[in-house]
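Let me begin by presenting the structure, written as structure tokens, before commenting on it.
All values derive from a computational prediction rather than experimental measurement. We name chains A, B, ... by the order of the sequence lines, and we start the count at 1 in each one.
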Number of protein chains: 2
Amino acid sequence: MKDKIKKSAIKLFYKKGYFATSMSTIARATGIRKSSIYHHYSTKEDILLDIFRTSMNDLQDALRTRLDAATGARERMQAAIYCHIIFHIERQKEAIIADSELRGLTARNYKEIIQMRDDYEKKIQRVLEEGVAEGIFVDLDIKVISYAILAMCTAVCTWFNKSGRLSKEEVADIFSVFILKGLARS
Amino acid sequence: MKDKIKKSAIKLFYKKGYFATSMSTIARATGIRKSSIYHHYSTKEDILLDIFRTSMNDLQDALRTRLDAATGARERMQAAIYCHIIFHIERQKEAIIADSELRGLTARNYKEIIQMRDDYEKKIQRVLEEGVAEGIFVDLDIKVISYAILAMCTAVCTWFNKSGRLSKEEVADIFSVFILKGLARS
DNA sequence: GTCTATAGATGGATAGAC
DNA sequence: GTCTATCCATCTATAGAC
């Protein structure tokens, strides 16, 4: 049941936003009364936090697996781009929530999630550093370029259309070629 | 007074988000009672719409001016990148609102703003097409690449720090070099 | 573990005096 | 053009029965 509540919440937070979604609406979508939700979650924010944690953890795990399987900065950067984009398309709803509902978290929870996001960014930055050290990437501003890469790859969750012209792999390919070309020492 | 209300609203929508900001809070920040706001704006959404219109219009105007002054796809793309980034840093609060509060608009207003955004995107796509036609940009997926460029340049409003390491012009430079390298026919 | 009922606060918006 | 006062809906969350 906790999982059913979470799934309803994901759909609603995605569609209407966190603040515009009420506990009654979540309850109705789940097929229970709103008071019953409080048996599983102590506050509305708790539901949001659960969604954040799950999706951030899964993303972290996916990146770790993909990075460990790749060797060399070029291959590892490609793996990271693929991983990030595929995740943000397959888990589109959660990705959009994670990308736009940070303000729904109060200080303590906010810090926890920001910490996870920072760790993730650092992993990408490390790959960039490796590429510069290996001499295959140009000397670049690691921080700024990592924000640029993450922003453009994250944004696919806002415009990708499952019944559109391109598959998720094709999108990942286009991004990968573009980014690696921008990074390459030419 | 209308302008004072708008300025308070921009600060609050930026800081707490549209749905988490109440009319009473806006009134308090402006130094009037909440009923007085309704003399200037008929609904809360009207304030948001006003903010959207102003910032979108100013961005459009800035881009038009900058593009008209540049010749050749390379120079024009550089101008577009600069213009977009500088605007999103100088008008950081409005940029963040425009980027994250679209859900606060009901159907009619939503359509109006989406139309403006589409027009803006088309201008960027036209510059990409020019570059491909001129043979200075590699043959690429215009739509996907335009989304990538806009997403990374828009995101500066979320991480740029006015008292940080880099000036807005330095950030624009880093982006410009990275993007044009990714686009170049090499 | 779900229910009914309700507390208690706050939301957007309006009426009408000045 | 701003004020006081208030309407009515809705919100999160809790109490206590089953």
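Contacts between residues 14-23 of chain A and DNA chain D, counted as heavy-atom distances below 4.0 Å, involve Thr21(A), Ser22(A), Met23(A). For DNA chain C, the residues of residues 27-38 of chain A within the heavy-atom distance limit of 4.0 Å (strictly under) are Ile32(A), Arg33(A), Ser35(A), Ser36(A), sorted by number.
Counted by atom type alone, Ser146(B) and Glu121(B) present zero donor-acceptor pairs between their side chains at under 3.5 Å. A donor-acceptor pair shorter than 3.5 Å can be found between the side chains of Glu45(A) and Thr106(A).
Between the side chain of Arg76(B) and the main chain of Val127(B), no donor-acceptor pair closer than 3.5 Å is present. In this structure a side-chain-to-backbone donor-acceptor pair under 3.5 Å is present from Lys44(B) to Tyr18(B). Listed for the Thr158(B) side chain is a donor-acceptor partner under 3.5 Å among the backbone atoms of Ala155(B). In terms of modelled atom types and a separation under 3.5 Å, the side chain of Gln60(B) and the main chain of Met116(B) share a donor-acceptor contact.
For the pair His39(A) NE2 and dT12(D) C1', the interatomic distance rounds to 19 Å; values are reported in whole Å. Here dT12(D) presents its C1' atom at 15 Å from CG of Leu48(A), a figure rounded to the nearest Å. Between Lys2(A) atom NZ and dT2(C) atom P the separation is 13 Å, expressed in whole Å. Distance, His40(B) NE2 to dG1(D) P: 6 Å, rounded to whole Å. Distance, Ile26(A) CD1 to dC11(D) P: 11 Å, rounded to whole Å.
The stretch residues 139-183 of chain B participates, sequence neighbours left out, in these ring pair (Phe, Tyr, Trp, His ring centres under 6.0 Å) pairs: Tyr147(A)-Trp159(B), Trp159(A)-Tyr147(B).
Shown are Leu140(B), Val138(B), Val132(B); of these, the side-chain contact (heavy atoms from CB on, under 4.5 Å) with Leu183(B) is made only by Leu140(B).
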